[in-house]
Amino acid sequence: MARPNDEVESLLREYADLLAITGGDAFKARAYERAARAIAGCHDDVSTLGARELKAIPGVGKSIADKIEEYFRDGRVAAFEEVRARIPAGVRQLIEIPTLGPKKAALLHDQLGISSVDELADAIKAERLRGLKGFGPKTEENILHGIDLMRQTGGRVLLDVAMNLAEEIVATLSAVTGCLRCTYAGSLRRYRETIGDVDILAAATDSAPIMAAFRNLDLVDEVIASGEKKTSIRTTKGLQVDLRVVPLEAWGAALQYFTGSQAHNVRTREIAVHAKLKLSEYGLFDVETGKLVVSETEEEVYRRLGLAWIPPTLREDRGEIDAAARDQLPGLVTERDLRGDLHTHTDLTDGVATLEDMLETAAQRGYAYYAVTDHAPNLVMQRMSDEKMLFQRARLRELDGKYGRMRLLHGTELNIDADGDVDWPPDFLEGFDVCVASVHSSFGQSRRDMTRRLVRACENPHVNIIGHPTTRLIGRRDPVDADLAEVFRACARTGTALEVNSLPDRLDLRDEHILWAKEFGVKFAINSDAHSTQNLHGISYGVGTAQRGWLTPDDVINTWPLTRLRKFLLKASPTP
DNA sequence: GCCGTTTTCGGCCCGACTGTTTTCAGTCG
C-alpha cells in the first residue's frame, strides 16, 4: 500500500548503486542507501509530504528532499537520468550477482564492454576474463555460481513483492461496479516463498468492466492476452498477472482450481474420477448426467469429495489429502494466535524506527508481550556496547506497563561465532529475558564445524532461539551446510527453539525443514526480525511458512501465555 | 549527501574474509 515510498526507495537505491559503479564518493552512495531504507520504513506516504516533513526523515536532507519533490512533480529526477544515460541498466544488474560488487562491475563494463548478466556468463565461458586484473579462476567460479543462484529463482519474485502487488490489484478491482468478489489465488495464496506469476480471481455476471479496469491499471506494461474469461498482463516490473472472472456460482470451484498446487489438484481430481465425478474450475459435475453437483464454495467441493476443507498453505500434496480424508488435518497456527514477537530491532542498531515507534505499532497489533532484541557487540558495525544495552534495558523497564496489557521483554540477537560461542559472558547474558542467537559470519564452514557450532549454541543455557537457522538469502545465498538432524536433536534436547524468520528474503527455517524439525519435537518461534514498523506486520509471511510446515499453536512458543513462555526461556528442563 | 550534549566541517558502520596478490582490493554483514 505504501507504493510511493517503495518507488522512491527503489529510485534512491538505484542511484546509490550507480554512484558506486561510477566510483564517486562512497559516502555519498551510502547516504542515498540510508535515505532509501529510512523512506521504505517511513509510515507516512512520502508523496504527500512537503520539504520540511521530508527532511525530518532521518538521512534525508535538502538535496534528497528536493529530488523526491522533483520526482513527484516531474515524474523524473534530472540528476538520476544523467547517470542512467551513462551506465546501462544491465551493468547495475551485474552487482546483483553475489560476490560481484560495483568495482568489478565497472571494470567488466569498461574493459570488456559487458553490460548484462548473460554477456558476463558468455564472456566467462569464452575465457575473456583471463588476464583481467583481479579476476582469477576462483572469481570466475564464484560469479558463475552466483549467476546460477540468481537463475534458480528465475523470473520469480519474493512473497512480499507479489503480495503487495496482488493486494493493490484486488483493492482496485473490488471497487469496480459489478464485482461481486475478488481475491488472489495461486502460489501466493499458498504462501510459497517465491512467486512466478500472480493469479487473481473475480466473480461477476458481466466480466467486461473488470477486465477493462484490469487492463487500464497504471502498473500494466503490456497486455499479453485479453478475453472474456481471462486477461493476462505484464507489469512494468516484469511480473505476469492473470485475471480470471467467473460467475459467482462457480466461485468455490474456481478458487480451488486456481489455488493449486498442480500436484494437489491432480490428486483431488483423481478422487473425483473414482467417485464418477469431474472437477474443473466451473464445478464438480456428475460424469454420467453431466449435472453440476457443487461449485459455490471450496468447503462444499472438498466435502463432496469426502475431504475436510484444506487450508491453502497445505495444498502441496504432502499428505494433506489423506489427512483431510481422515479428518486429521492439523489445527494450523494463525496470525491471531501469536501473542508476541520475540525478534525485533530498533534504531539503536540497524533498525530504522525508534523503540517507542516499534512498541506503539506492536501494541496496536494486540500483542500480550514483545521482545526488543537489538544486535550484540560482535557484529562490529552495529557498535553495540554494554552501556547502550543496559541503557536500553532501563528505558524498556520504564516503559513496561505503558502500552496497555503488552509486557516488554528485553533481549538481544547474539552472534554465534565460528566456534559456537556468543558475544557476552554468562553473567551479562543472565540479565536478558530472551536471547536469539544467529550466524552472521563464516558461512562457508565445513558441515562438521557448522553442525558443532550450531549445537554448541543450543547448549548455551542462555540461548533461547536460533535465529534464521540456515542463514540463506533467497536467490542470493545458499543455506549453510550443517547436519540439520543433529541440530534439531540438540534443540529438542536443550529446550532451544528454532526461529521461523518472517523476512521475505529469508523465510528461514523454510517449510520442509520445519516439517522435518517438528518430528524431533522441536519448538519454534515465529518472529518478524522487524527492522521497521512495517516489518512487524510482515510476520504474516512467517505464519504462512509455519503453516506450510504444518505447525499448530502448541508448536510455537510465542503463541503461549507469558507464564508458559517464561518457563521455557529459563531452559531449566527440556521442552515441556 | 547527511549531520551535530565536542561540530556548519570533517567525519561518516568497521572488521573479517576471500581471492589475488607479494601487500592489497573488493565484498559483505
Side-chain angles (χ1 to χ4, degrees), chain A residues 8 11-13 15-39 51 54-68 70 77 79-80 83 94-108 110 129-146 149 345 347-352 374-385 388 391 413-419 423 438-446 449 467-468 471-473 476-478 480 501 503 505-506 508 529 531:
Chain A
V8 172
L11 203 66
L12 295 179
R13 277 190 200 281
Y15 190 57
D17 286 346
L18 295 178
L19 286 175
I21 292 167
T22 55
D25 180 3
F27 292 111
K28 186 166 156 183
R30 204 176 293 166
Y32 275 95
E33 270 171 34
R34 179 166 133 77
R37 249 166 67 80
I39 283 163
L54 285 172
K55 284 200 284 189
I57 300 171
V60 177
K62 176 163 175 17
S63 174
I64 292 180
D66 284 350
K67 289 185 172 75
I68 294 172
E70 182 185 348
V77 180
F80 296 178
V83 194
L94 297 181
I95 69 173
E96 298 293 314
I97 303 169
T99 73
L100 209 165
K103 293 291 195 301
K104 286 200 170 93
L107 195 73
L108 290 167
D110 294 344
L129 269 58
R130 301 291 162 85
L132 198 60
K133 193 169 154 43
F135 287 78
K138 192 71 193 162
T139 300
E140 288 188 358
E141 195 186 314
N142 287 341
I143 292 174
L144 286 176
H145 179 64
L149 267 177
H345 296 273
D347 61 2
L348 184 62
T349 54
D350 58 353
V352 296
D374 271 312
H375 287 289
N378 290 1
L379 204 59
V380 187
M381 61 175 181
Q382 305 293 352
R383 297 183 142 185
M384 181 50 76
S385 64
K388 281 161 102 173
F391 184 81
E413 183 182 9
L414 301 163
N415 307 285
I416 306 173
D417 74 15
D419 295 323
D423 307 61
S438 324
V439 167
H440 293 114
S441 58
S442 305
F443 306 110
Q445 276 182 321
S446 72
D449 291 346
H468 44 76
T471 319
R472 68 152 177 186
L473 292 175
R476 292 197 58 79
R477 186 169 64 211
D478 288 321
V480 295
N501 186 294
L503 291 176
D505 61 345
R506 291 196 185 271
D508 183 12
D529 194 0
H531 287 67

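All heavy atoms count here, side chains included; hydrogens, waters and symmetry mates do not. As the structure is a prediction and not an experimental result, all values here were calculated from the model.
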Check every strand shown and say whether [X] touches a base, only sugar-phosphate, or nothing at a heavy-atom separation below 4.0 Å.
{"X": "A:Lys55", "result": "nothing"}
{"X": "A:Ser63", "result": "sugar-phosphate"}
{"X": "A:Lys62", "result": "sugar-phosphate"}

Nearest to the [X] side chain among [options], which nucleotide is it?
{"X": "A:Lys104", "options": "B:dC2, B:dT20, B:dT27", "answer": "B:dT27"}
{"X": "A:Lys103", "options": "B:dG29, B:dG26, B:dG19", "answer": "B:dG26"}
{"X": "A:Ile64", "options": "B:dT20, B:dG1, B:dC3", "answer": "B:dG1"}

Within the side chain of [X], is there an N or O that forms a donor-acceptor pair under 3.5 Å with the backbone of [Y]?
{"X": "A:Asp423", "Y": "A:Asn378", "value": "yes"}
{"X": "A:Arg472", "Y": "A:Arg506", "value": "yes"}
{"X": "A:Arg476", "Y": "A:Glu96", "value": "yes"}

If the [atom1] atom of [N] is compared with that of [M], how far apart are they to the nearest Å?
{"N": "B:dG1", "M": "B:dT6", "atom1": "C1'", "value": "23 Å"}
{"N": "B:dC28", "M": "B:dT23", "atom1": "P", "value": "26 Å"}
{"N": "B:dT27", "M": "B:dT21", "atom1": "P", "value": "14 Å"}
{"N": "B:dT8", "M": "B:dC13", "atom1": "C1'", "value": "23 Å"}

Under a 4.0 Å threshold between the charged nitrogen and the carboxylate oxygen, would A:Glu141 count as salt-bridged to A:Lys138?
yes
Can you tell whether the side chains of A:Asp17 and A:Arg13 come within less than 4.0 Å, N to carboxylate O?
no
Please report, rounded to the nearest Å, how far the [atom2] atom of [N] is from the [atom1] atom of [X].
{"X": "A:Arg476", "N": "B:dT27", "atom1": "CZ", "atom2": "P", "value": "12 Å"}
{"X": "A:Ile57", "N": "B:dC3", "atom1": "CD1", "atom2": "C1'", "value": "16 Å"}
{"X": "A:His375", "N": "B:dG15", "atom1": "NE2", "atom2": "P", "value": "17 Å"}
{"X": "A:Lys133", "N": "B:dT20", "atom1": "NZ", "atom2": "C1'", "value": "9 Å"}
{"X": "A:Leu132", "N": "B:dA25", "atom1": "CG", "atom2": "P", "value": "16 Å"}
{"X": "A:Glu33", "N": "B:dC13", "atom1": "CD", "atom2": "C1'", "value": "12 Å"}
{"X": "A:Leu379", "N": "B:dA16", "atom1": "CG", "atom2": "C1'", "value": "11 Å"}
{"X": "A:Lys28", "N": "B:dC3", "atom1": "NZ", "atom2": "P", "value": "16 Å"}

To the nearest 0.5 angstrom, please state how far the CD atom of A:Glu140 sits from the CG atom of A:Leu132.
9.5 Å
By nearest nucleotide on DNA chain B, pick out whichever of A:Asp25 and A:Gly101 is the more 5' one.
A:Asp25
Start at the 5' end of DNA chain B and walk down; is the nucleotide closest to A:Ala35 or to A:Thr139 reached first?
A:Ala35
Looking at [N], I'd like to know if its phosphate oxygens (OP1 or OP2) sit under 4.0 Å from a side-chain N or O belonging to [X].
{"X": "A:Asn142", "N": "B:dT18", "value": "no"}
{"X": "A:Arg477", "N": "B:dC28", "value": "no"}
{"X": "A:Thr99", "N": "B:dC28", "value": "no"}
{"X": "A:Lys67", "N": "B:dG1", "value": "yes"}

Which nucleotide, if any, forms a Watson-Crick or G-U wobble pair with B:dC9, using both distances under 3.5 Å?
B:dG4
